[in-house]
Every structure is written in C-alpha cells, then in structure tokens.
There are 2 protein chains.
Amino acid sequence: MKLKADDRLEQAREEFIAQWGAMGTQWGINRTMAQIHALLMTAAEPMSTDEVMEALEISRGNAHANLKELVAWGLLRAVVRKGERREYFEAEKDVWRIFTVVARERKRREIDPALEVVRKCAEESREIATPEGRAFHEQMRQLEEFVVFASRMADRVAMMKHGFAIQMAAKLLG
Amino acid sequence: MKLKADDRLEQAREEFIAQWGAMGTQWGINRTMAQIHALLMTAAEPMSTDEVMEALEISRGNAHANLKELVAWGLLRAVVRKGERREYFEAEKDVWRIFTVVARERKRREIDPALEVVRKCAEESREIATPEGRAFHEQMRQLEEFVVFASRMADRVAMMKHGFAIQMAAKLLG
DNA sequence: CATTATTTTCAATTATTTCCGAAAATTGAG
DNA sequence: CTCAATTTTCGGAAATAATTGAAAATAATG
C-alpha cells in the first residue's frame with residue numbers, strides 16, 4: 001500500500017515535470033530550465049547537480065547551465081550541507097514570490113528594451129515637419145507613454161506583497 | 001528640404017521596424033511578424049502583400065503566413081478597396097487596444113494551458129496520503145489557486161477600457 | 001604538493017523554428 | 001467557361017537555439 005502511494009506520487013510528479021517543461025517553451029523559457037524548476041519545486045529535499053541529471057536524464061553541461069540560470073533568476077538557491085563538498089539546490093516554492101521574480105525578469109527582458117527603442121525613435125522623429133513625420137512621431141510618442149506606464153506597473157506589481165495584491169485584486173475583480 | 005525630411009522619416013521608420021522585429025524574438029513572436037506589425041503600425045495607408053514583401057524584402061510565403069497570423073491575433077484588419085481585387089492590410093494603431101489584444105492572446109497561450117496542467121496534477125494527487133504526497137498536492141493546489149487568480153486578472157485587464165485602466169493605475173501608482 | 005571531487009567551459013552535434021520559392025488552388029472578370 | 005490575378009500550401013533550405021560530452025579549470029583534502 002505504501003508502494004502504491006509512492007508510485008502514484010512519482011507518476012503525478014513526472015507528469016507535472018513533463019508538462020511544465022513543455023509549457024516553458026510557450027513562455028519563452030527553455031524546456032530544461034522549466035523542467036528543473038518543476039523538479040525542484042516538488043522536491044522534498046534540495047538536490048545536487050548529479051541528482052538533477054539523473055532524474056531528468058540530461059547532460060552535465062545542460063544541468064549546470066540551467067541550474068545557474070535559475071539561480072540567476074532567483075528561482076533557486078544554492079545551499080551547502082555541512083561536511084559536504086558539493087552544492088545542492090532548492091527551489092523557491094511560494095507561488096507569489098515565483099511570480100514576482102518572473103515578472104521582474106520579464107520586465108527587464110521585454111519592457112526595458114522596448115522603452116529604449118521607442119524613446120530613440122520618438123526622439124529622432126521629433127522635428128520632422130511633414131504630415132507623415134508628425135504621424136510617425138505621434139505614434140512613437142503614444143507607444144512610449146504606454147511603455148513607461150507598463151514599466152511602472154510592472155515595478156509596482158513586482159514589489160507587492162501577496163496580501164496587498166489580493167486586496168487590490170479584490171477591488172478589481174469584485 | 002522636403003526630400004531631407006522624407007529621408008529622415010524613412011530612416012527612423014526603418015530603425016523602428018528593425019528594432020521592433022529584433023524585440024519580437026524576446027517576446028516569443030517571430031521576427032517577421034513583429035516587423036510586419038511595426039511596418040503597418042507606421043504606415044499611412046493599408047498595404048498589400050506585395051508591398052509588404054517589397055518593403056521588408058521577404059518571400060511571399062513568409063509575408064502571407066505572418067499577415068494571416070497577425071489578422072488571427074486581431075492586430076491587423078484585412079480591407080478591400082472598391083474595384084480592387086487584392087487584399088490590403090491595416091494595423092490597429094491604438095496602443096491600449098494592441099495591449100489588450102496581446103494580453104488576451106498571451107493569456108490564452110500561457111495561462112489557460114498552465115491551469116489545465118496544474119488542475120490535473122492537483123486532482124491526481126488529491127488522495128495520496130504519504131507526507132510527500134500531501135506536500136506535492138498542497139504545492140499543486142497553491143499553484144492552481146494562483147493561476148486561477150492570474151487568469152481572472154488577465155480577463156479583467158483585457159476587458160478594460162483605456163480610461164479605466166489609467167484610473168486604476170493612478171491608485172496603484174499614486 | 002599531489003590527488004580527487006566538483007564546477008565550468010566550449011566545440012561539435014542535434015533539434016527546432018523560420019523562411020524561401022515554386023507549384024497548386026482559388027477567385028473574380030470578361 | 002477561360003484566363004489571369006491573387007491567395008494558399010508545402011517540402012526542403014537556412015538560420016537559430018538547445019544539448020551533449022569531454023576536457024579544462026577550480027577548489028577542497030590529506
């Protein structure tokens with residue numbers, strides 16, 4: 001009976017890892033990275049590089065690169081066990097924290113560069129006096145305004161505590 | 001003097017198209033699609049497939065596929081000029097509308113599938129009575145709760161009118 | 001210092017996605 | 001119906017991204 005429960009858990013967990021990995025693709029995150037995150041999010045204990053390699057059947061290089069990337073994002077922490085030499089990794093499991101970390105990263109990668117582009121184009125077209133030039137500049141200006149807005153919103157959301165977000169959402173959804 | 005202004009505009013516009021296209025990659029949108037969108041967003045008149053092909057120096061197949069995709073997203077409209085046979089395309093230029101369209105699409109592609117996965121895993125692990133099973137189920141449950149929340153938020157935002165969003169943002173940012 | 005465990009790098013391979021170009025299908029006009 | 005304009009499809013080429021596997025670098029141990 002104990003074995004059966006363990007099997008079912010293992011199966012559910014593998015399903016989660018596989019699907020979460022597949023979804024990572026949609027999210028613009030590579031499959032391995034999403035799988036490692038899923039694996040560690042549902043691990044009882046921190047895992048070493050070798051354990052991750054074995055669990056997901058991936059190469060050392062791949063495991064290493066993606067573990068480091070996840071640490072850089074702030075979705076994993078490297079921990080050391082006393083008397084042990086190698087590093088273990090444990091995942092951030094709080095969903096709200098995961099969300100704010102991802103939001104911050106996405107803002108950095110998606111919004112900030114857009115702002116630069118749009119600012120530059122708005123600037124370059126400021127003094128073009130033809131009707132087409134004015135229209136273009138106005139379009140860039142509106143885009144810039146919106147991106148600035150989005151940027152500030154993203155910052156705010158990323159800073160929010162869970163409780164406050166819920167409170168705000170209540171107003172919004174109520 | 002007129003020529004100079006036109007040149008500067010053309011240059012600024014090409015820069016915008018190139019950069020917006022490069023950014024599309026980051027956004028998980030293919031480069032051509034983003035370029036076409038940028039091209040039409042800054043076009044005074046609707047453009048035909050052939051005009052798009054020529055402006056961006058891309059093949060017919062590529063132009064066609066991405067124009068259709070943009071129409072499917074709701075970022076372009078196909079229009080017909082009276083007495084003309086071919087289709088022309090014009091872009092949605094209102095930035096808020098662009099945003100809500102993209103938000104809707106992203107929700108559909110990123111949030112909805114995640115909800116399914118997480119629901120299934122939560123369901124499958126509901127009755128596993130081991131401590132590990134309970135922990136896994138609890139993790140899935142929290143994830144599900146969050147994704148439902150995100151889903152509802154995304155729906156609300158996608159439905160918002162510009163004015164309301166601004167108003168809400170004022171509270172949030174104030 | 002020499003040895004060994006571990007992490008990091010990287011060139012080569014493999015997989016995935018995007019794009020081309022030409023053929024096939026469709027549509028409207030005469 | 002016939003013809004020409006236009007759209008759509010699709011197999012494979014080209015470009016991009018992910019992954020491997022093994023060697024190099026680093027760090028702890030005795």
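Everything quoted here is computed from the prediction, not taken from an experiment. The chains referred to below are lettered A, B, ... by the order of the sequence lines, with proteins before strands, and numbering in each begins at 1.
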Between D:dT7 atom P and B:N66 atom CG, what is the distance in whole Å? 16 Å
Find which nucleotide of DNA chain D each of A:G61 and B:A65 is nearest to by heavy atoms, and output the residue with the more 5' nucleotide. B:A65
Under 4.0 Å from any atom of DNA chain C, heavy atoms only: list the residues of residues 22-52 of chain B that qualify, in numerical order. B:N30, B:R31, B:T32
Between P on D:dT19 and CG on A:L67, what's the gap in Å once rounded to a whole number? 13 Å
In whole Å, what is the span from the CD atom of A:E57 to the P atom of C:dT14? 19 Å
I want to verify a distance call: between C:dG28, C:dT8, D:dT7, whose nearest atom is closest to the B:R85 side chain? C:dG28
Over how many whole Å does the gap from B:F89 atom CZ to D:dT6 atom C1' extend? 11 Å
In whole angstroms, how far is the P atom of C:dT26 from the NE2 atom of B:H64? 13 Å
Here the distance between atom P of C:dC20 and atom CZ of B:R60, to the nearest Å, is 12 Å
Can you check the A:E84 CD to C:dA5 P distance for me, whole Å? 14 Å
Does this structure show an ion pair linking A:D50 with A:R60, if we count only N-O contacts that are shorter than 4.0 Å? yes
Between A:R31 and A:T25: side-chain donor-acceptor atoms closer than 3.5 Å: no
Pair B:E110 + A:R106, salt bridge at N-O below 4.0 Å: yes
Does the distance from a Lys or Arg side-chain N to an Asp or Glu carboxylate O, for B:R126 and B:E123, drop under 4.0 Å? yes
To the nearest angstrom, how far is B:M53 atom CE from D:dT6 atom C1'? 12 Å
Which listed nucleotide (C:dT9, C:dC20, D:dT20) is nearest to the side chain of A:N62? D:dT20
Pair A:E124 + A:K120, salt bridge at N-O below 4.0 Å: yes
Which part of the nucleic acid, if any, lies within contact of B:R86, taking any heavy atom under 4.0 Å across all strands shown: a base, the sugar-phosphate backbone alone, or nothing? sugar-phosphate
My understanding is that only one of B:R13, B:E14, B:H37, B:K93 makes a side chain to side chain donor-acceptor pair (under 3.5 Å) with B:T42; could you say which? B:R13
So, using ring-ring contact (aromatic ring centres under 6.0 Å, His included) as the criterion, who are the partners of A:F99 when residues are at least two apart? A:W96, B:F146
